[in-house]
Amino acid sequence: MNTWIKRVVTSLLIAAQFIIIPVASANSSTTNEKEKVETELKQTQKEIDVKLSEASEITIALEELAKEIKEQEETIGDTEVEIEEQEILVEERYDYTAEQLKVMQKSEVNQNIVIGLFESENFSDFINRLYTVTVLTNANEELLKEAHKEYEKLNEMKEELVLNKEELDGKKEETAQQKAVLDEKLSDLKSTLAINQNKLNEINAEEAAKEKAEAKKQAEADKQAEDNKQAEAGKQAEAKEATVASSSVSSSKNPSTETVTTANTGSWVTFESTAYSYKEPGLTPKTATGVNLLTNSRVVAVDPRVIPLGSLVEVEGMGVYLAADTGGAIKGKRIDVHFSDLAEVSKWGRRNVRVRVLN
């Protein structure tokens with residue numbers, strides 16, 4: 001038995017001399033290609049991070065604009081009601097005052113006042129009566145002046161209302177422009193994500209090719225060993241057993257395909273949210289989908305059955321993130337928001353947020 005083992009080892013060493021040199025060269029070439037793709041992938045993920053930040057800034061700005069527009073529309077509505085009510089009051093006051101002055105000029109009362117002045121008992125009595133008439137007349141004139149001031153105030157309110165409406169129109173136009181820019185950036189971001197996915201697929205293909213090459217190399221080595229064993233008298237049974245065992249090991253390495261059920265979300269949905277950081281003990285900068293958190297930190301971990309991996313996700317008040325990670329505790333309507341700063345993780349804690357999938 002010892003002699004047979006020595007012969008098998010010798011045969012394997014001889015076979016290895018013919019295998020090692022070309023494999024080393026192939027591995028070197030594969031490694032260089034992989035490093036090139038990984039470098040490109042890193043650059044692409046940096047671009048994704050920048051574009052996510054830009055899209056987030058626009059979504060937050062749009063939220064602020066929406067609030068301002070709502071407040072201004074409410075102010076305009078209140079002002080219009082106030083103007084309408086004030087116009088009625090001013091019109092009534094103006095008509096009343098003008099009518100009083102006309103009556104004073106045409107009525108017998110005015111004539112009686114004049115007669116009353118001439119019937120004064122003395123000069124002192126005349127002065128007192130004249131003062132009374134002047135006060136009454138001035139009072140009516142003051143009412144007319146007040147009515148005129150109210151009209152001027154109304155005109156100022158109307159001018160201010162026009163300016164507010166123009167400003168509101170400007171904000172609505174700005175909102176439309178911002179939305180157009182956001183749509184363009186999201187479209188660009190989706191293209192970059194597709195490129196990123198292609199590069200990830202390329203790396204995975206390289207890994208698969210490497211595993212296939214290693215499997216082929218192992219199979220060739222097994223075959224060589226089998227041939228050598230068959231050359232040995234009386235060792236056919238052992239060689240066959242080794243081949244069967246090796247084939248069993250190889251077949252066990254084939255990955256199984258798992259079907260994941262996904263759900264599309266087109267509107268705002270409330271999720272329970274937590275936060276995490278790659279700086280936490282036991283975590284690494286690489287996500288479940290291969291995204292490097294050192295270069296692309298705007299990532300959320302999701303349940304792929306609810307939010308498909310690779311989706312663009314908007315977290316209300318926080319902006320746009322990439323669904324690129326998973327977690328054992330992330331099940332159902334729950335997301336884990338990534339922060340580079342551990343202090344931000346503690347500050348975030350556990351809260352409910354509104355979330356929507358953009359693509």
_Does either side chain, that of Arg298 or that of Ser53, offer a donor lying less than 3.5 Å from an acceptor on the other one?_
no

Q) Can you check whether Lys46 reaches Gln43 side chain to side chain, under 4.5 Å on heavy atoms? A) yes

| said: Using a 6.0 Å cut-off, check whether atom CD of Glu84 has over 12 heavy atoms from anything other than its own residue. | reply: no

| task | Compare all side-chain heavy atoms of Gln72 with those of Asn164 and state whether any distance is below 4.5 angstrom. | result | yes

Please determine whether residues Leu62 and Leu52 belong to a single hydrophobic cluster, defined as Ile, Leu, Val, Met, Phe, Trp and Tyr linked transitively by side-chain heavy-atom distances below 4.5 Å.
yes

>> Test your reading of the model: is there a side-chain donor-acceptor pair from Ser297 to the backbone of Leu293, 3.5 Å cut-off?
In response: no

Salt bridge (charged side-chain N to carboxylate O under 4.0 Å, His left out) test vs Glu272 passes for just one of Arg334, Arg350, Lys333, namely Arg350

Exercise. Are Ile58 and Leu358 connected in a single hydrophobic cluster, I mean Ile/Leu/Val/Met/Phe/Trp/Tyr linked by side-chain heavy atoms less than 4.5 Å apart?
Worked result: yes

Test side chain to side chain contact (heavy atoms under 4.5 Å, CB included), reference Lys331, set Thr326, Asp303, Val306, output is Asp303

Practice task
Could you state whether Val299 and Val50 fall into the same hydrophobic cluster, counting links through intermediate Ile, Leu, Val, Met, Phe, Trp or Tyr residues with side-chain heavy atoms under 4.5 angstrom apart?
Solution key: no

Side-chain donor/acceptor pairs under 3.5 Å, residues 308-323, sequence neighbours excluded:
residue	atom	partner	partner atom	Å
Ser311	OG	Pro308	O	2.7
Glu314	OE1	Arg356	NE	3.0
Glu314	OE1	Arg356	NH2	3.0
Glu316	OE1	Arg354	NE	3.0
Glu316	OE2	Arg354	NH2	3.0

In this structure, OG1 of Thr59 is separated from CG of Leu186 (nearest 0.5 Å) by 8.5 Å

Is there a path of hydrophobic side-chain contacts, each under 4.5 Å between heavy atoms, that joins Leu294 and Leu342? no

Tell me whether Val357 shares a hydrophobic cluster with Ile330, the cluster being built from Ile, Leu, Val, Met, Phe, Trp, Tyr side chains joined at under 4.5 Å.
no

Across all chains, not counting sequence neighbours, the side chain to side chain contact (heavy atoms under 4.5 Å, CB included) partners of Leu161 are Ile76, Thr79, Glu80, Ile83, Lys165

Look at Lys171 together with Glu167 and state whether they make a salt bridge at an N to O cut-off of under 4.0 Å. yes

Cut-off 3.5 Å, side chains only: do Asn352 and Thr270 have a donor facing an acceptor? no

Short N-O contact, Lys172 and Glu68, less than 4.0 angstrom: no

| Short side-chain to backbone donor-acceptor contact, Asn296 and Ile48, under 3.5 Å | no

Point to revise | Under 3.5 Å: donor-acceptor pair, side chain of Asp325, backbone of Val300 | key: no

- Within the distance-only criterion (no hydrogens, no angle test), does the side chain of Glu280 pair as donor or acceptor with the backbone N or O of Ser277 below 3.5 angstrom? yes

Could you tell me how the ring of His338 sits relative to the ring of Tyr278: parallel (under 30°), tilted (30 to 60°) or perpendicular (over 60°)? parallel

Practice prompt. Taking the side chain as every heavy atom from C-beta outward, state whether Val353 and Arg351 have any atom pair closer than 4.5 Å.
Written response: yes

